[in-house]
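Below: the structure, in structure tokens.
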Amino acid sequence: MHREPARPWTVAELARAVGYGSESALSFTSKRVMGIAPSDYRRRARETEDEH
């Protein structure tokens with residue numbers, strides 16, 4: 001995602017890209033490890049990229 005910030009990533013694409021079999025598995029792990037849902041992380045990353 002960080003290598004292609006302009007790409008309109010979906011959570012399903014992110015899950016596949018990092019080796020998860022489902023959006024829900026990625027979401028569960030993301031919330032547990034990082035404290036944030038993948039969709040929220042994606043939005044914040046885009047906002048940060050837009051600021052630069």
Side-chain angles (χ1 to χ4, degrees):
M1 182 174 76
H2 293 284
R3 291 182 186 155
E4 298 179 68
R7 180 177 169 181
W9 290 93
T10 66
V11 176
E13 289 172 324
L14 289 172
R16 284 191 301 273
V18 296
Y20 281 88
S22 69
E23 294 176 51
S24 60
L26 175 62
S27 184
F28 175 81
T29 302
S30 176
K31 289 175 189 174
R32 185 172 46 102
V33 173
M34 299 184 344
I36 188 170
S39 57
D40 293 332
Y41 182 85
R42 179 189 60 201
R43 188 186 76 251
R44 289 182 186 178
R46 284 182 181 156
E47 290 170 354
T48 300
E49 187 65 30
D50 289 343
E51 292 173 0
H52 297 147

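Between Lys31 and Ile36, the closest side-chain pair of non-hydrogen atoms is not below 4.5 Å.
Ser30 approaches Ala37 most closely through the heavy-atom pair OG-C, 4.0 Å.
Using modelled atom types, one side-chain atom of Thr48 and one backbone atom of Arg44 make a donor-acceptor pair closer than 3.5 Å.
Remark: Arg7 CZ to Arg46 CZ distance equals 10.5 Å, nearest 0.5 Å. Taking OG1 of Thr10 as the start and CZ of Arg42 as the end, the distance is 7.5 Å to the nearest 0.5 Å. Expressed to the nearest 0.5 Å, how far CG of Leu14 lies from OH of Tyr20 amounts to 12.0 Å. Rounding to the nearest 0.5 angstrom, the gap separating the CH2 atom in Trp9 from the OG atom in Ser39 is 15.5 Å.
Around CZ of Arg43, the count of heavy atoms belonging to other residues, nucleotides or ligands within 6.0 Å exceeds 12.
Under a hydrophobic clustering in which Ile, Leu, Val, Met, Phe, Trp and Tyr are joined whenever their side-chain heavy atoms come within less than 4.5 Å, directly or via other members, Val33 and Val18 fall into the same cluster.
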